[in-house]
Amino acid sequence: MFNGHPKGLWALALANTGERFGYYTMLAVFALFLRENFGLASGAAGAIYSTFLGLVYFMPLVGGVMADKFGFGKMVTIGITIMFIGYLLLSFPLGGDTVAMIAMLAALLFISVGTGLFKGNLQVMVGNLYDEAKYSDKRDAGFSVFYMAINIGAMFAPTAAIKIMEWAQTSLGVSEADSYHYAFGVACLSLIASIAIYYIFRSTFAHTDRSKKTAAAGNTNVKELTPAETKERIVCLCLVFAVVIFFWMAFHQNGLTLTYFADEFPAKSSTGVQSMLFDVWNLVAIIVMVYAGFSVFQSKTAKGKGIAGAIFLAGLAFLGWQYSKLSGSVAVDAPIFQQFNPFYVVALTPVSMAIFSSLAAKGKEPSAPRKIAYGMLIAAVGFGVMAIGSMGLLTPDQQAAAGDAATFVSPNWLISTYLVLTFAELLLSPMGISFVSKVAPPKLKGMMMGGWFVATALGNFLTKVGSQFWGDIPLVAVWGIFIVLCVISAIFMFTMMKRLEKVA
């Protein structure tokens, strides 16, 4: 999985890890910041949050168009500079008045525009690394590595946000509302590291910095489609985009209603083995053990198997040592739950690749559209877990007013939900991108990939729907909204399956 890739992959992946670490550090606490600092109601905070997410994923369409004219590398550099300005604005504690609100909204605009210039174009440069024939068969694995790098940054982000806020409150004596700005300052530092990596190792990927027009001009292996074939492919892609909207609408509740739930309903402390899950280094040890376990079976030499086995045992010993140190309870803060999705992505990617590789060898691997439909059903199951865990709980408004009579549940409900939703993500997100890249008419690939980002943006914008119902409505009904949407979307995909698989 990690062998035979171009050197530029590692530089671009690490540059992206730094940027994503900053972004997810900010995002881990942003919804809570809106309510704490500005006193916004859940619905108002959700509207700002979802609009920001929508812009973050819409702007890559604009960034791609600009890169066609000015080049990918230039847009990446400009994008990370604009992002830095945005995070810097968020880092200043300006209070909670109108001026502070305007500054915060301006910061969000800078971040979304900068991300639009950076995100998509860096991914295009990764793809350009694999245009050489000797690397072409490694493209899918390369993007899997790149995707894992994103989630490595995201996995550490919640812990970083919580620790820096705790440090600001205890060591500097700042208020809880002001401590959020120190978490936002971490994003500034991570961007500095990201751009440093990008330029230090630029020689390894400099040849990828070309426009899409230049790349297309050199491609003589382009299949000409009839107008009818082109129309059919566009229609099929639009059908998939329609489904993708509702997936991201549901999935990105992780930063909104699922974070609200994490803030208000789970037990505020944890003991025993369960408490180990809230230490990110224990999760890192588990990831190391997963990859070492795969290496034991995949290594072609006895020495390789021995090294992998030793690493696996070292990870196991570390966890045993961590367990021996347990005493009392550990605090469970709402943002920490957002480390579980990226943890599961990194840990389960080799598992999913092994499963589909085995199915492919037997000629039984599902098509990309079918995987997307399965992903929607699994997402419904994820919110079903939340619905079961929420049975008998008070409404959020009742919980806030209950005081000592408030009811709390095990954190395991949220941890399990993130596990199920990650399975859905691994089925839908990479498969959707693969479907777009394969089905898009050759002369419209850029536009169609932009359509994927726009669909994601619309889904992110609609995340606010969950927050609009957060208050006096039973939690089971809130989660039921997403269950119904995911099931309907899956049914729609299955009814269109023959048409989608025909062009796949």
Side-chain angles (χ1 to χ4, degrees), residues 1-24 59-60 62-85 87 111 113-154 156 186-221 291 346 349 430 433 437 445-446 449:
M1 181 175 180
F2 296 105
N3 296 325
H5 293 284
K7 293 180 180 179
L9 171 66
W10 312 108
L12 292 172
L14 285 174
N16 201 52
T17 299
E19 184 274 330
R20 290 288 88 183
F21 171 74
Y23 174 76
Y24 284 110
M59 292 308 295
V62 178
V65 172
M66 294 182 67
D68 284 342
K69 184 174 182 180
F70 300 109
F72 300 118
K74 184 177 292 186
M75 291 303 101
V76 166
T77 301
I78 294 173
I80 208 166
T81 303
I82 294 174
M83 274 191 286
F84 182 85
I85 295 172
Y87 286 123
I111 294 169
V113 171
T115 304
L117 296 176
F118 178 89
K119 184 178 176 65
N121 292 322
L122 196 76
Q123 293 179 1
V124 171
M125 293 171 73
V126 172
N128 288 346
L129 288 170
Y130 293 87
D131 286 346
E132 294 183 56
K134 64 179 180 179
Y135 296 127
S136 60
D137 62 337
K138 292 283 187 177
R139 183 182 295 268
D140 290 346
F143 272 104
S144 294
V145 172
F146 188 77
Y147 194 65
M148 282 194 299
I150 292 174
N151 285 279
I152 289 171
F156 284 96
V186 171
C188 292
L189 297 177
S190 70
L191 287 182
I192 293 173
S194 180
I195 199 65
I197 292 169
Y198 180 86
Y199 274 101
I200 290 172
F201 298 101
R202 195 167 185 272
S203 62
T204 64
F205 57 82
H207 61 289
T208 68
D209 186 8
R210 60 183 188 272
S211 72
K212 296 175 186 175
K213 289 180 180 179
T214 303
N219 185 3
T220 58
N221 188 29
Y291 282 83
V346 177
T349 293
I433 295 173
S437 64
K445 281 186 179 290
M449 190 59 73

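- Relative orientation of the H5 and W10 rings is perpendicular, given thresholds of 30° and 60° on the angle between their planes.
- S194 places no side-chain N or O within donor-acceptor distance of the main-chain N or O of L191, the cut-off being under 3.5 Å.
- Note: Y198 OH to E19 CD = 13.0 Å, rounded to the nearest 0.5 Å.
- To the nearest 0.5 Å, atom NE2 of residue H207 and atom CE of residue M125 are 9.0 Å apart.
- At least one side-chain heavy atom of Y291 sits less than 4.5 Å from a side-chain heavy atom of V346.
- Here the CZ atom belonging to F118 is positioned 15.5 Å from the CE atom belonging to M59, to the nearest 0.5 angstrom.
- Between the side chains of Y199 and T77, at least one donor-acceptor pair of N or O atoms lies under 3.5 Å.
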**Report entry** Derivation and outcome, side-chain contact (heavy atoms from CB on, under 4.5 Å), residues L129 and L12
**Finding:** CA-CA 10 Å; L129 288 170; L12 292 172; 3.9 Å; yes

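- Side-chain atoms of T17 come within 3.5 Å of backbone atoms of A13 as a donor-acceptor pair (strictly under, hydrogens ignored).
- Between V126 and F205, every side-chain heavy-atom pair lies at or beyond the 4.5 Å cut-off.
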Requested in this report: I would like to know whether Y87 and Y23 meet side-chain contact (heavy atoms from CB on, under 4.5 Å); could you show each step before the answer?
Outcome: CA-CA 9 Å; Y87 286 123; Y23 174 76; 3.5 Å; yes

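- Remark: the backbone N or O of G63 is paired with a side-chain donor or acceptor of N121 at under 3.5 angstrom.
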Query - Worked verdict on M75 versus L122 for side-chain contact (heavy atoms from CB on, under 4.5 Å) - result: CA-CA 9 Å; M75 291 303 101; L122 196 76; over 6 Å; no

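- In this structure, the side chains of M66 and L117 come closer than 4.5 Å at one or more pairs of heavy atoms.
- With sequence neighbours left out, the side-chain contact (heavy atoms from CB on, under 4.5 Å) criterion links F201 to A11, I197, T204.
- Heavy atoms only, all atoms of each residue included: S190 and G22 are closest at OG-CA, 3.1 Å.
- Summarising the geometry, atom CD1 belonging to I195 is positioned 4.0 Å from atom CD1 belonging to I80; distances are rounded to the nearest 0.5 Å.
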